[in-house]
Amino acid sequence: MFMDDLVVIGLYRHGVTTDNEKKAFSGWTNSLLSETGKKELERLRNGIPSYEKIIASDLQRCVDTAAFFWRDTSIDTWPEFREMNFGFLEGKTHKELEHVEEYKTWLQDPFSSPLPGGETYEQFGRRVMAGWNRWLELLAQLNLKRTAIITHGGVIRHLLTAVAPEKKGFWEWKVENGRGYELTGSLSALRRGERCISLRAVPSTEKSNG
């Protein structure tokens with residue numbers, strides 16, 4: 001691996017939203033940042049690194065988070081990096097759903113059970129990885145070394161299970177609002193589907209992982 005092939009890609013979760021505070025399912029629902037979420041992003045902003053290019057999920061909570069962290073920076077939106085579409089669960093809480101049979105079935109096996117009106121986990125994963133591969137191609141075309149994606153908890157967990165240096169299950173990854181991870185790896189290796197070589201939590205006050 002040559003040093004000039006190394007890239008750094010930041011994966012950040014959006015700030016706390018009104019739906020997060022209600023503990024409601026919020027996949028494709030365009031939930032907005034809460035006042036608490038905005039204050040937390042302001043507090044974190046000075047510890048956020050800079051990047052050559054930044055993209056975000058096209059949902060408003062990600063676009064607004066990017067605007068808090070990198071003011072006066074152009075942000076492109078990529079719908080491939082949306083959260084999973086939760087279908088009939090959208091906007092509802094566990095308490096509202098706990099007696100619904102389709103919900104109970106899904107809870108028993110969320111990675112295989114279909115969601116009426118939503119995506120299966122397989123469909124979600126294919127979409128995210130298609131976006132990831134398209135992003136890697138763009139990095140190669142534009143010779144970009146430091147970039148960031150502002151997205152959602154499920155998207156980040158899925159990507160980490162696929163490309164982090166340490167193999168962990170989906171739910172083993174801790175992904176807090178307004179925080180994330182920086183992946184460092186060989187761009188050519190990542191394009192071949194290999195894992196990155198190192199991972200650190202961001203902002204930099206967080207403990208390093210791998």
Side-chain angles (χ1 to χ4, degrees), residues 7-15 17 19-20 25-31 51 53-66 75-87 89-90 106 109-142 144 147-196 199 201-202 209-210:
V7 294
V8 176
I9 303 174
L11 301 175
Y12 292 85
R13 187 183 179 190
H14 61 79
T17 68
D19 275 345
N20 290 151
F25 285 94
S26 183
W28 286 21
T29 301
N30 217 4
S31 180
Y51 298 95
K53 186 170 181 62
I54 299 158
I55 63 170
S57 155
D58 63 337
L59 295 173
Q60 199 62 45
R61 55 192 182 272
C62 293
V63 175
D64 289 347
T65 296
I75 309 293
D76 294 336
T77 56
W78 286 37
E80 295 100 315
F81 292 114
R82 281 187 176 200
E83 183 60 278
M84 183 171 169
N85 183 346
F86 291 115
L89 307 183
E90 293 278 347
W106 179 75
D109 188 4
F111 297 106
S112 300
S113 301
L115 279 171
E119 291 179 296
T120 63
Y121 182 79
E122 182 182 1
Q123 290 170 330
F124 161 73
R126 282 202 307 265
R127 166 171 59 80
V128 171
M129 294 313 295
W132 175 254
N133 290 327
R134 186 163 79 93
W135 181 236
L136 296 179
E137 291 296 323
L138 188 65
L139 266 57
Q141 291 171 19
L142 301 181
L144 296 169
T147 62
I149 304 170
I150 294 66
T151 181
H152 308 266
V155 175
I156 295 173
R157 287 188 179 97
H158 185 77
L159 288 171
L160 291 175
T161 62
V163 302
E166 180 184 1
K167 291 185 179 181
K168 290 184 182 181
F170 183 89
W171 294 114
E172 293 181 86
W173 290 105
K174 183 179 181 182
V175 185
E176 296 182 6
N177 292 97
R179 293 174 167 82
Y181 297 90
E182 276 190 348
L183 310 173
T184 300
S186 157
L187 180 56
S188 56
L190 290 170
R191 291 172 72 190
R192 291 193 300 267
E194 297 176 21
R195 292 179 175 270
C196 66
L199 174 72
V202 280
N209 289 266

A.B. asks: Which atom names give the shortest non-hydrogen contact between T161 and R195, and what distance separates them?
C.D. replies: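 Heavy atoms only, the tightest pair is O-NH2, 2.9 Å.
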A.B. asks: Identify the two heavy atoms, one from H152 and one from E83, that lie closest to each other, and give their separation to 0.1 Å.
C.D. replies: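 Minimum heavy-atom separation between H152 and E83: CD2-N, 3.1 Å.
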A.B. asks: Give, for atom CG of L199 and atom CG of L11, the distance between the pair rounded to the nearest 0.5 Å.
C.D. replies: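 Rounded to the nearest 0.5 Å, the CG-CG separation comes out at 8.5 Å.
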A.B. asks: To the nearest 0.5 angstrom, please state how far the CD1 atom of I54 sits from the CD1 atom of I75.
C.D. replies: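 With rounding to 0.5 Å, CD1 (I54) is 4.5 Å from CD1 (I75).
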A.B. asks: May I have all residue pairs that pass salt bridge (charged side-chain N to carboxylate O under 4.0 Å, His left out) and include part of residues 181-191, sequence neighbours excluded?
C.D. replies: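 Output for this query lists E137-R191, R146-E182, E182-R200.
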A.B. asks: When rounded to the nearest 0.5 angstrom, what is the spacing between CZ in R157 and CH2 in W173?
C.D. replies: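 Result: 11.0 Å between the selected atoms.
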A.B. asks: What heavy-atom pair brings S26 and D19 nearest, and what distance separates the two atoms?
C.D. replies: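 Reported closest heavy-atom pair: OG-OD2, 3.5 Å.
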A.B. asks: Judged by atom type as modelled, is there a donor-acceptor pair below 3.5 Å linking the side chain of R127 to the main-chain atoms of E80?
C.D. replies: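 Looks like yes, one N/O pair under 3.5 Å.
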A.B. asks: When rounded to the nearest 0.5 angstrom, what distance separates CG in N177 from NE2 in H14?
C.D. replies: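 That separation rounds to 6.0 Å.
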A.B. asks: For a quick check under 3.5 Å, do S188 and S186 share a side-chain donor-acceptor pair by atom type?
C.D. replies: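 A pair is found: one side chain offers a donor N or O, the other an acceptor, under 3.5 Å apart.
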A.B. asks: Kindly indicate whether the side chain of W78, heavy atoms from C-beta on, has any atom under 4.5 Å from the side chain of I149.
C.D. replies: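 No; the side chains remain at least 4.5 Å from each other.
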A.B. asks: Where do V155 and V128 come nearest, in terms of heavy atoms and distance?
C.D. replies: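 That closest heavy-atom pairing would be CG1-CG1, 3.9 Å.
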A.B. asks: Calculate, to the nearest 0.5 Å, the distance between atoms CH2 and CZ belonging to W28 and R82 respectively.
C.D. replies: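 Interatomic distance, W28 CH2 to R82 CZ, rounded to 0.5 Å: 5.5 Å.
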A.B. asks: Is a side-chain N or O of E90 found less than 3.5 angstrom from the main chain of N85, in a donor-acceptor match?
C.D. replies: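 No.
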A.B. asks: Please give me the minimum heavy-atom distance between E194 and L190, naming the atom from each residue.
C.D. replies: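 The pair with the smallest heavy-atom distance is O-CD2, 3.5 Å.
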A.B. asks: Is a side-chain N or O of T65 found less than 3.5 angstrom from the main chain of G15, in a donor-acceptor match?
C.D. replies: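 Looks like yes, one N/O pair under 3.5 Å.
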A.B. asks: Kindly indicate whether the side chain of E172, heavy atoms from C-beta on, has any atom under 4.5 Å from the side chain of L160.
C.D. replies: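 They are not in contact (no side-chain heavy atoms under 4.5 Å apart), so the answer is no.
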A.B. asks: How close do H158 and Y121 get, heavy atom to heavy atom, and via which atoms?
C.D. replies: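 The pair with the smallest heavy-atom distance is ND1-OH, 2.7 Å.
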A.B. asks: What do the steps show when you test L159 against L183 for side chain to side chain contact (heavy atoms under 4.5 Å, CB included), and what is the final call?
C.D. replies: CA-CA 10 Å; L159 288 171; L183 310 173; 5.8 Å; no
A.B. asks: Do T29 side-chain atoms and S31 backbone N/O form a donor-acceptor pair below 3.5 Å?
C.D. replies: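 Side chain of T29 to backbone of S31: no pair is present.
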A.B. asks: Assess whether side chain to side chain contact (heavy atoms under 4.5 Å, CB included) is satisfied between T147 and V7, documenting all intermediate values.
C.D. replies: CA-CA 8 Å; T147 62; V7 294; over 6 Å; no
A.B. asks: Quick one: CH2 on W132 to CZ on F81, what's the gap to the nearest 0.5 Å?
C.D. replies: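 Going from CH2 on W132 over to CZ on F81, the span is 7.5 Å.
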